[in-house]
Amino acid sequence: RHPLATFFHLFFRVSAIITYLFCDWFSNSFVACFVTILLLLSFDFWSVKNVTGRLLVGLRWWNQIDEDGKSHWVFEAKRVTASTEAEARIFWLGLIICPVIWTVFFFSTLFSLRLKWLALVIAGISLQTANLYGYIHCKLGGQKSIS
Amino acid sequence: FAGLADVSISEDIPVEGEITVPVGSHSPDEDYSTLDEPVRDTIMRDLKAVGKKFVHVMYPKKSSALLRDWDLWGPLVLCVSLALMLQGGSADSKDDGGPQFAEVFVIIWFGAVVITLNSKLLGGTISFFQSLCVLGYCVLPLTVAMLVCRLVLLAGSGTISFIIRLVVVVAMFGWSTLASTAFLADSQPPNRKALVVYPIFLFYFVISWMILTFTPQ
């Protein structure tokens, strides 16, 4: 029921991975590839966190700072989800597989000593793992306060 | 109150008196049937928040908007533009430009993380991401300085151009440091303020140094 959300959920993550793998074909410039992948990863983080999670599986997480400056992480789950089994499966598969792929990239970058890509791979791992962690938290339920 | 009914709390976590009620605009939107409208609203809301913060950096008054609704989009955009402008002027090739770009990136983010850890270890009340947000947004004056320097360097690179660049960079460095101190130092007890301000001073000093010593090939 949400084909556009499903498409965008996968589009940014997969484009980032493909661009990283084939950046030599697209452009000679390290900077252009770096910025492109970084922007794709950021858009992916934002859209998964704010849009596709809410629409595909009815889960949402965010950080809220109240009046006296303390920060709370809020994890919310809709009891009746309006999504289909297939969409939920695509959501979770996309959410889990991509951080694993970026971790593989981390080790391949480290061992092949292409260290200038390391910052990007670390950024990719952090952004995607953050979403994974947040949604698993929502799924398991409960509210946590982290100051 | 539909949003409240959906929050589930597991049995073995003691419920304390700090449960925050999700405000209306954050609750799951169950009634939207199209994808366009809510996404556009979300995007506009986030864009406006980013814009408001940029304005706050240019006119630093002690307000809580920068501190409460943190986001890292502004720092990302600023970091990327600063790193792009600090590229060595040689032609795009695989070897040149790469390390410099990643270096600037790493210096800015790693430096911001270290300052945040420092202020937290000193007992600051501000949260990790809020501090990153403030430090990142306050790079804006230095990005403007970089832009001005590049324009001045187009005109020539003699002594006069150096003096102009020096004045601009020093002024923007002062602005950045003052702006971020205005937001961050208040979260510390009074006798620790200097300990918090000093790393911030160093951080912006290093960035200003990179800007001032930039010469295109």
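Sequence lines set the chain letters: A, B, ... in the order given, protein chains first and strands last, and positions in each chain run from 1.
Annotation: side-chain contact (heavy atoms from CB on, under 4.5 Å) contacts of V35(A) (sequence neighbours excluded): V31(A), L39(A), V80(B), L84(B), F101(B). Shown here are the salt bridge (Lys or Arg N to Asp or Glu O under 4.0 Å) partners of R89(A), two or more places apart in sequence or in another chain: E85(A).
Note on residues 96-109 of chain A: pairs passing side-chain hydrogen bond (donor to acceptor under 3.5 Å, both in side chains), not counting sequence neighbours, are Y20(A)-T109(A).
For a heavy-atom cut-off of 4.5 Å, chain B lies close to no residue in residues 90-97 of chain A.
Of the atoms belonging to L38(A), it is side-chain heavy atoms, and not backbone ones, that fall under 4.5 Å from chain B. No part of F110(B) comes within reach of chain A, as not one of its non-hydrogen atoms sits under 4.5 angstrom from that chain.
Of the inter-residue distances, the one linking N63(A) atom CG with W70(B) atom CH2 reads 5.0 Å to the nearest 0.5 angstrom. Going from atom CH2 of W46(A) over to atom CH2 of W73(B) covers 8.0 Å, rounded to the nearest 0.5 Å. Here the CZ-CG distance, from F45(A) to L72(B), works out to 8.5 Å after rounding to the nearest 0.5 Å.
Shown here is Y198(B), whose OH atom has no more than 12 heavy atoms of other residues, nucleotides or ligands within 6.0 Å.
Residues I43(B) and N50(A) have side chains not in contact (no heavy-atom distance under 4.5 Å, counting atoms from C-beta outward).
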